[in-house]
Amino acid sequence: FLKKIMAWVRRLLYRNRPPTEPEPAGVSHEELGIRTLKQQYHLYNQIGNPAEKERQLYRLLPLFLKNCSALRKEDLQVRFGEVCEFGENVARLLYRHVTKLTQGSKPTLSLLKFFSEEEGEGREFDNEAGLLVLKVIRVLSKGPEPVINALMTANLAAILIRCLHHFLDLPQPTPRPTALPSPSKGVQPGHEPAAAITTAHPETPPKHVDARHELERLLVDILTSLVHHLSAVEDMLHFGDLSLLFGAISTPCARHNKMWRRAAAET
């Protein structure tokens, strides 16, 4: 009798359980990833609050990189039909942040901070997500002509050249001192063996020096892709930033900033 009651309860619970949508057969992980990106972008378009909308756009950036970085140029717009609108929003995001930072008291250092740090898990997307934005723009800059034209609605080429020009005035990166080891047991302070004393300035380049080189390569990669398109060149001519680019090639700068002058020459 008890078994009959348990069977009846199981049937009742199963009948009242909401149906689950089965995963479509024959759909690849890549296609599922694109679908997720489209769904999240649709949610982004439904948000009315500007601050929350910007946070949602930041959340979309790693999803775009994961699912669209390996797509061929001709497939980008086909697989992600909203890519032009998405690219325009990302370019406008960059434009807003760069414009705001260059109006501050320390524009050069503020820009470097924005572009040199990626977001860590559990942190808010604030003025430390520029590198992630640039990586997305690098993918978009290799897209078809309609995507490039969408990027240019936010004066992307001009704003990147202004960043390059600001970086010619960066201060020299200072190595972070290494911690000295604690005195050995039984050894009086000041009498440690020479091998136990470390230098305060290690020979290996500090992490933030490598970050500057990564940023330089990103900017060069994006700009060299953009200048092959008429809309980008017209953008630079309209705002007078083409002369700024040529000026950066011949502008005297400190030795540690020659990478930025070289970047302007490569562009």
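This chain uses plain numbering: 1 for the first residue, then up along the sequence. What's counted below: heavy atoms across the whole structure, side chains too, no hydrogens, waters or symmetry copies.
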Subject >> In one Ile/Leu/Val/Met/Phe/Trp/Tyr side-chain cluster, 4.5 Å: Phe246, Leu164 >> reply: yes
Original post:
Any salt bridge between Lys38 and Glu31, counting N to O under 4.0 Å?
Top reply: no
Original post:
Within the distance-only criterion (no hydrogens, no angle test), does the side chain of His228 pair as donor or acceptor with the backbone N or O of Thr224 below 3.5 angstrom?
Top reply: yes
Subject >> Check ion pair Glu214-Arg217 (N to O, under 4.0 angstrom) >> reply: no
Subject >> Within 6.0 angstrom of Lys53 NZ, more than 12 heavy atoms from elsewhere >> reply: yes
**OP:** Calculate, to the nearest 0.5 Å, the distance between atoms CZ and CG belonging to Arg92 and Leu57 respectively.
**Re:** 12.5 Å
**OP:** Check the angle between the aromatic planes of His97 and Tyr58 and answer parallel, tilted or perpendicular using the 30° and 60° thresholds.
**Re:** tilted
Original post:
Which pair of non-hydrogen atoms, one from Asn49 and one from Ala51, has the smallest distance, and what is that distance?
Top reply: OD1-N, 3.1 Å
Original post:
Is the closest basic N to carboxylate O distance between Arg212 and Glu216 below 4.0 Å?
Top reply: no
Original post:
Val139 and Cys68: which non-hydrogen atoms are nearest, and at how many Å?
Top reply: CG1-O, 3.9 Å
Original post:
Once you round to the nearest 0.5 Å, how far does CD of Gln103 lie from OG of Ser110?
Top reply: 11.5 Å
Subject >> same_hphob_cluster(Leu244, Ile249) at 4.5 Å side-chain heavy-atom cutoff >> reply: yes
**OP:** Can you see which heavy atom on Val220 is nearest to which on Ala263, and at what distance?
**Re:** CG2-CB, 3.4 Å
**OP:** Could you label the plane-to-plane angle of the Phe64 and Phe80 rings as parallel, tilted or perpendicular, counting under 30° as parallel and over 60° as perpendicular?
**Re:** tilted
Subject >> Check ion pair Glu54-Arg96 (N to O, under 4.0 angstrom) >> reply: yes
